[in-house]
Undergrad: 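One structure, as C-alpha cells, below. Some questions next.
In this chain, residues are counted from 1 in sequence order.
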Amino acid sequence: MFILFLAGSLLTARPAYAARTLECQGDWLPATPTSEDVMAGKLSFLDLPAVQVGEKVNWKLNPYKNRSWQMVFHSLRWMGRLVADYETTGKAAYLARATEVAKDWVAKNPPGGGADYSWAEHPVALRAPALVCLSKHVPDKWLRDSLSQHARILANDKHYEWGHNHGLDQDIGLLGIACRYNNKAWRSQAIRRMVKTTTLDVDSQGALREQAPRYAVYFHDRLRVAMDKIKDCGLKVPADLAKRWDLLPEHISAATQPDGYLVPIGDGPADVQPAAFDRPDSLVQVYRAGYVFGRTKWDSKESAYYSIRYGPGLKFHGHEDHLGVTYYAQGRNLLTEAGFHSYENTPYRRWTITPEAHNVPIVSGKRFRGGVASTLTKKSIGKDRQSFTVTDTAYGARRTRAVLVNHDEDVMAVYDTVSSGKVRNLWHLAPALKVASNAGGKVVVSDGTWRASIVQLALPGCKPVGGQKIVRGQTSPYQGWISGSYMKKEAAAVVQSPSAKALLTLVVPGTDQPDVSCSGRTVIVRTSNGPATFKMSGKDLV
C-alpha cells in the first residue's frame, strides 16, 4: 500500500512501511525526546524542562543560555529520531516533519551565518549522521548539497579536534557521508584520522587522556559506533581501534567506586553510573595518564577505595586537581571533589576547576600557576597497604604529597611538605556528612550514627595543630559546594587547615575517638579495628 506524503512543496509516493536502514537504526541516537514530543514541539535536552518550539522553529532559540543545550538543539538528532521511528512504525507524518525541520534548518543556517553555534565543530559532527539517515528517504538536492557542505567542513583539518572525543565524532560524521555517497577520499581520511585520534586519546594502558573518567565511557561508546560504521561500509576495522576499545573497559572499572558510580574527577559529576565492564585483575592501578586507583576488593560496596591525581598538565576536561585525593570507605563517600556543574563560563564553573575545589595542598602566600605537570616519584603497593608520593612546582616552590592507605584498619594518611614557606590543605566532604565537632586539631564528621575523624598534626614534632575552619555554602569567594549532577550544586562542608611547615593529615573512618601517637618518625593510629602503624621517611610515608 502507498500513501501520498507532503513535505514542503514536494508531493511523492512512499511505502507505508519503509525498510529499516543501517544509517537510521542501531543506538547511534542517544537519549532524545520521543517522536510524540517532537511532533508536539516539545524538546527536552540535558534533563532540563521541555521547551516548546512550535511548528516554525526559531533556530536562534537558547532558552537556558546554555551552550550544551544549543549543541544538542543544532545537532538535529531529535529530527533523526523521527526518521528512525518512521522506519519502525510507518508513520509518514514522522518523515514529513523530519523533512520539514531539516529543510528549514538548512535554509535558515547557511555556513558562516544563521544561529550562533550552528556550525561549531561538534554540532556539525553530530548533525551529519542525522542528515545521512534522512537522506535514505529524501533524495532531494538541498539535502545532498547540505551533506556535501558538512563533509567539506568535517574534512578540513583546521576544524578538527585531534586526540579528543569531538574528533572521533567528526570522523564518524565524515565516514557516514563518505559511505553514503561512496567518496573514497573522505572515507580514507576519516578512518586515518580515527586511528590517530584514538591512539592519541587512549594510551597503551587503556587510560583516556582527557582527564575525566566520565569521557572514557563516552569515548568507548562512540568508538564502538565508529567501528560499526566502518563494518557497515564494508571495510575492515583497523587493529589499533579494536585494541584501544578493548583496553578502555578496565580503565573505566578502575575509576568506578564500590557504590557503582564513577569517581568525580575532572568534568565528571558524581551521578555517572557506567554499565558493568571488564575489570583489572589487580586491586590497585597506576596509570601514566595521571591516575592511581585502589580498593580493598571488588564486588563489595563496603570496600575502601581511593584515587590520586598527578601527571600531564591541564587539558580538555581536566581540572587543576594534581596531588588531589578522594576516599571512599565503609560504604560511604568521605573525601570527594566539587565535581562538574556545566560548561558555562560562570564564576562558579571557573571555581570548580581551581585547586580550591579539590583535596589538594596549597602553598601559602604563593601564586598558583595553572597547567603544570606533576610527577609520581615513589610507589609501594602491598596487599593491605599502599603508599605513593607525588610532587610538582605549581606554586613556584616544590610541593610534595605522600599518601598512604592502610586497609586492615581503614586509615588514609597524607603528608604535605613544601620546599619553602608553609603549606595548608583542603578536605571536601561528601554532602551527606555533617561536622559533629571541631577542636584540638580533630574534626569529627557524622552520617547518622556513623562517625569519621580527620586529625591534623604539625611536623616536625607530631603535635596536634588546631585552627581548622569549616566552610559551607560560601559564595564570595566560592567554597563549600558539591555539584553531584549537571547544573546542580549543594552546600557541603570543607575543612580548611591552618598553615604549617609540614602537615600530616589522618583520615580515620568509623570512629570519633582515634588515638594517635608518635615515636620519633613512627606514627601509630589506634582505630576501632586495631592499630595502624607507619613511618615518615624523608618526604615519604612507608
Undergrad: Does the side chain of Q386 come within less than 4.5 Å of H407's, by heavy atoms?
TA: yes
Undergrad: With a 4.0 Å cut-off on N to O distance, would you call D540 and K535 a salt bridge?
TA: no
Undergrad: Taking only residues at least two apart or on different chains, which pairs with a member in residues 426-440 satisfy side-chain hydrogen bond (donor to acceptor under 3.5 Å, both in side chains)?
TA: N425-W427
Undergrad: So, does T198 use its side chain to make a donor-acceptor pair with the main chain of V202 at under 3.5 Å?
TA: no
Undergrad: For R309 and D321, run salt bridge (charged side-chain N to carboxylate O under 4.0 Å, His left out): C-alpha distance rounded to whole Å, both residues' side-chain angles, the deciding distance at 0.1 Å, then the answer.
TA: CA-CA 7 Å; R309 279 285 287 128; D321 56 3; 3.2 Å; yes
Undergrad: Give a yes-or-no answer on whether the side chains of Y160 and D171 include a donor-acceptor pair shorter than 3.5 Å.
TA: yes
Undergrad: Test side-chain contact (heavy atoms from CB on, under 4.5 Å) on F293 and I265; report intermediate values, then the result.
TA: CA-CA 12 Å; F293 300 119; I265 291 174; 4.1 Å; yes
Undergrad: Which distance, rounded to the nearest 0.5 Å, do you find between the OH of Y64 and the CZ of F73?
TA: 12.5 Å
Undergrad: Taking the side chain as every heavy atom from C-beta outward, state whether L504 and Q456 have any pair of such atoms under 4.5 Å apart.
TA: no
Undergrad: State, with a plain yes or no, whether a side-chain heavy atom of L323 is found less than 4.5 Å away from one of D392.
TA: yes
Undergrad: If you measure only the distance, is there a donor-acceptor pair under 3.5 Å linking the side chains of E320 and T354?
TA: no
Undergrad: Go through the steps to decide whether Q170 and H122 satisfy the test side-chain hydrogen bond (donor to acceptor under 3.5 Å, both in side chains), and finish with yes or no.
TA: CA-CA 7 Å; Q170 288 171 292; H122 208 201; over 6 Å; no
Undergrad: Does a donor on one side chain and an acceptor on the other come within less than 3.5 Å for N345 and R350?
TA: yes
Undergrad: side-chain hydrogen bond (donor to acceptor under 3.5 Å, both in side chains), that's the test. Do R526 and S517 meet it? Break it down for me.
TA: CA-CA 9 Å; R526 292 175 177 85; S517 62; 3.3 Å; yes
Undergrad: Mind checking the CD-CE spacing from E121 to M71? Nearest 0.5 Å is all I need.
TA: 9.5 Å
Undergrad: Can you tell if the side chain of E344 reaches within under 4.5 Å of the side chain of S342, non-hydrogen atoms only?
TA: yes
Undergrad: Do D116 and Q70 meet the criterion of a side-chain donor-acceptor pair at a distance under 3.5 Å?
TA: no
Undergrad: Just checking Y310 against H322, ring centres under 6.0 Å apart?
TA: no
Undergrad: Under the 3.5 angstrom rule, does the side chain of Q474 hit a backbone N or O of P477 as a donor-acceptor pair?
TA: yes
Undergrad: Treating S387 as the side-chain partner and L541 as the backbone partner, does any N or O pair qualify as donor plus acceptor under 3.5 Å?
TA: yes
Undergrad: What's the verdict on side-chain contact (heavy atoms from CB on, under 4.5 Å) for T533 and T522, showing C-alpha distance, side-chain angles and the deciding distance?
TA: CA-CA 7 Å; T533 302; T522 298; 3.6 Å; yes
Undergrad: Run D416 and R401 through salt bridge (charged side-chain N to carboxylate O under 4.0 Å, His left out) and show every step you take.
TA: CA-CA 5 Å; D416 291 325; R401 166 166 281 187; 2.7 Å; yes
Undergrad: Report the C-alpha distance between K422 and V363 in whole Å, list the side-chain angles of each, state the deciding distance to 0.1 Å, and finish with yes or no for side-chain contact (heavy atoms from CB on, under 4.5 Å).
TA: CA-CA 6 Å; K422 292 185 176 182; V363 182; over 6 Å; no
Undergrad: Spell out, as yes or no, whether a donor-acceptor pair under 3.5 Å connects the side chain of T256 to the backbone of I252.
TA: yes
Undergrad: Assess the side chains of T389 and T377: does a donor N or O sit below 3.5 Å from an acceptor N or O?
TA: no
Undergrad: Could you check whether any side-chain N or O of R399 sits under 3.5 Å from a backbone N or O of V360, counting only pairs where one atom can act as donor and the other as acceptor?
TA: no
Undergrad: To the nearest 0.5 Å, tell me how far R209 CZ sits from T199 OG1.
TA: 8.0 Å
Undergrad: Is the distance between the ring centroids of Y291 and H251 less than 6.0 Å?
TA: yes
Undergrad: So that I know where these two stand, are Y327 and Y306 an aromatic pair - ring centroids less than 6.0 Å apart?
TA: no
Undergrad: For N165 and E210: C-alpha separation, side-chain torsions, deciding distance, then whether side-chain contact (heavy atoms from CB on, under 4.5 Å) applies.
TA: CA-CA 9 Å; N165 67 83; E210 295 189 36; 2.8 Å; yes
Undergrad: Kindly determine whether Q468 and Q496 satisfy side-chain hydrogen bond (donor to acceptor under 3.5 Å, both in side chains), including the steps that lead there.
TA: CA-CA 6 Å; Q468 285 75 16; Q496 295 182 334; over 6 Å; no
Undergrad: Calculate, to the nearest 0.5 Å, the distance between atoms CG and CZ belonging to L334 and R332 respectively.
TA: 10.0 Å
Undergrad: State the CD1-OG1 distance between I454 and T505, to the nearest 0.5 angstrom.
TA: 8.0 Å
Undergrad: Between W351 and E356, is there a side-chain donor-acceptor contact under 3.5 Å, judged purely by atom types and distance?
TA: no
Undergrad: For a 4.5 angstrom cut-off between non-hydrogen side-chain atoms, does V455 reach P464?
TA: no
Undergrad: Is the side chain of T527 donor-acceptor paired with the backbone N or O of N529 at a distance under 3.5 Å, no angle test?
TA: yes
Undergrad: Under the criterion salt bridge (charged side-chain N to carboxylate O under 4.0 Å, His left out), I'd like the reasoning laid out for D221 against R224: C-alpha separation, chi angles, the key distance, then a yes or no.
TA: CA-CA 5 Å; D221 181 65; R224 180 178 53 78; 2.8 Å; yes
Undergrad: Is a side-chain N or O of K469 found less than 3.5 angstrom from the main chain of V494, in a donor-acceptor match?
TA: no
Undergrad: Quick one: are V124 and L154 in side-chain contact, heavy atoms under 4.5 Å?
TA: yes
Undergrad: Do any N or O atoms from the side chain of R521 and from the backbone of G538 form a donor-acceptor pair under 3.5 angstrom?
TA: yes
Undergrad: Is there a side-chain contact between L46 and Y486 in this structure, where contact means two heavy atoms from C-beta onward sitting under 4.5 Å apart?
TA: yes
Undergrad: I want to know whether H317 and Y343 have ring centres closer than 6.0 Å.
TA: yes
Undergrad: So, does R127 use its side chain to make a donor-acceptor pair with the main chain of S118 at under 3.5 Å?
TA: yes
Undergrad: Using 30° and 60° as the class boundaries, would you call the ring planes of F45 and W69 parallel, tilted or perpendicular?
TA: tilted
Undergrad: Among F316, F219, Y215, Y218, whose ring-ring contact (aromatic ring centres under 6.0 Å, His included) with H164 holds?
TA: F316
Undergrad: CG/L459 to SG/C518 distance, rounded to the nearest 0.5 angstrom?
TA: 7.0 Å
Undergrad: For salt bridge (charged side-chain N to carboxylate O under 4.0 Å, His left out), just list the numbers for D267 and R349, CA-CA rounded to whole Å, side-chain angles, deciding distance to a tenth of an Å, and then say yes or no.
TA: CA-CA 10 Å; D267 287 340; R349 157 66 174 173; 2.7 Å; yes
Undergrad: Using ring centroids (six-membered ring only for Trp), state whether H166 and H159 fall under 6.0 Å.
TA: no
Undergrad: If you take the centroid of each ring, where Trp contributes its six-membered ring, are Y348 and H341 closer together than 6.0 Å?
TA: yes
Undergrad: Could you give me the CA-CA distance, side-chain angles and deciding distance for T296 and S303, then say whether side-chain hydrogen bond (donor to acceptor under 3.5 Å, both in side chains) is met?
TA: CA-CA 5 Å; T296 51; S303 167; 2.9 Å; yes
Undergrad: Under 4.5 Å between any side-chain heavy atoms of V325 and S307, yes or no?
TA: no
Undergrad: Is the backbone of A207 close enough, under 3.5 Å, to the side chain of D203 for a donor and an acceptor to pair up by distance?
TA: yes
